Amino acid sequence: MTFRIAVFASGSGSNFQAVAEAARDGRIPASVELLVCDKPSATVVKRAESFGIGTFVFNPKDYPSREAYEQEILRELQERGIDLVVMAGYMRLITPVLVEPYYGRLINIHPALLPAFPGLHAARQALDYGVKIAGVTVHFVDGGMDTGPIIAQRAVEVREDDTEETLYARIQRIEHELLPDTVRLIAEGRVTLNDRKVNVRLGD
Ligand code: GRF
């Protein structure tokens with residue numbers, strides 16, 4: 001049976017693209033079935049259309065509460081039999097309406113080595129702090145801000161002459177490898193979650 005993925009995104013969607021390409025090219029044993037997007041004008045919506053991937057695009061202002069639109073998202077996920085939700089630049093915290101039914105099947109990518117530099121502008125935070133190693137984290141989502149159990153991380157060296165733009169560009173290149181790779185490990189059943197610890201079985 002096909003392993004079915006939904007991606008949540010709010011912006012450009014370069015990570016959406018990386019996952020959709022990997023699935024299309026057979027590098028991930030899965031198919032991307034749905035994009036969920038809270039910004040009707042976001043570039044990621046056009047990317048999804050160009051892949052022929054279904055979209056659920058909404059404007060949060062049209063709903064009385066977060067829970068109300070999340071109920072609708074939950075219905076979309078359940079109708080499509082989604083196995084894994086990938087948050088890739090989805091700029092909203094989610095509530096128990098989504099976290100509870102999908103806990104352990106809901107991941108997020110963050111452009112820093114968590115628990116350092118959660119939240120917005122992680123590359124800028126890393127530069128301002130003066131760290132020598134920045135990086136990327138993929139983690140399970142627990143409803144907090146970038147707080148869930150960590151599945152995979154990769155380091156990116158900070159250069160003396162880095163600006164936020166140059167550092168973030170190198171971080172994004174790593175994101176585009178690490179996210180599809182982590183999704184593949186999950187789709188292959190190699191990832192198990194035990195409380196805060198995530199076990200990843202590599203090789204055979
Ligand atoms: C990525 O840097 C991701 O780590 C963060 O939001 C950004 C989304 O970028 N959560 P894109 O829209 O995939 O290009």
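Read the numbers this way: they start at 1 and go in the same order the structure lists the ligands and their atoms. For reference, positions follow the sequence shown, starting with 1. The model shown is predicted, which means the values in this text are computed figures rather than measured ones.
Among the atoms of A88, none of the N or O lies under 3.5 angstrom from an N or O of ligand 1. Looking at I109 next to ligand 1, an N or O pair under 3.5 Å apart turns up. Distances between N or O atoms of Y168 and those of ligand 1 include at least one value under 3.5 Å.
E33 has a carboxylate O that lies under 4.0 Å from a charged side-chain N of R4, or vice versa, which qualifies the two as a salt bridge. Of the charged side-chain nitrogens involved, none lies within less than 4.0 Å of a carboxylate oxygen, so that R75 and E79 do not count as a salt-bridged pair.
Each of the following atoms of ligand 1 lies closer than 4.0 Å to a heavy atom of S14: 11 (P), 12 (O), 13 (O), 14 (O). Applying the 4.0 Å criterion to heavy atoms of S12 picks out, from ligand 1, the atoms 12 (O), 14 (O).
Not a single heavy atom of A9 lies less than 4.0 angstrom from ligand 1.
Only the side chain of Q172 comes within 4.0 Å of ligand 1, judged by heavy-atom distances. Neither the backbone nor the side chain of Q17 comes within 4.0 Å of ligand 1, counting heavy atoms alone.
Note that the CG atom of L35 and the OG1 atom of T55 stand 6.5 Å from one another [nearest 0.5 Å].
Annotation for E72: atom CD counts as buried by contact number, over 12 foreign heavy atoms lying within 6.0 Å.
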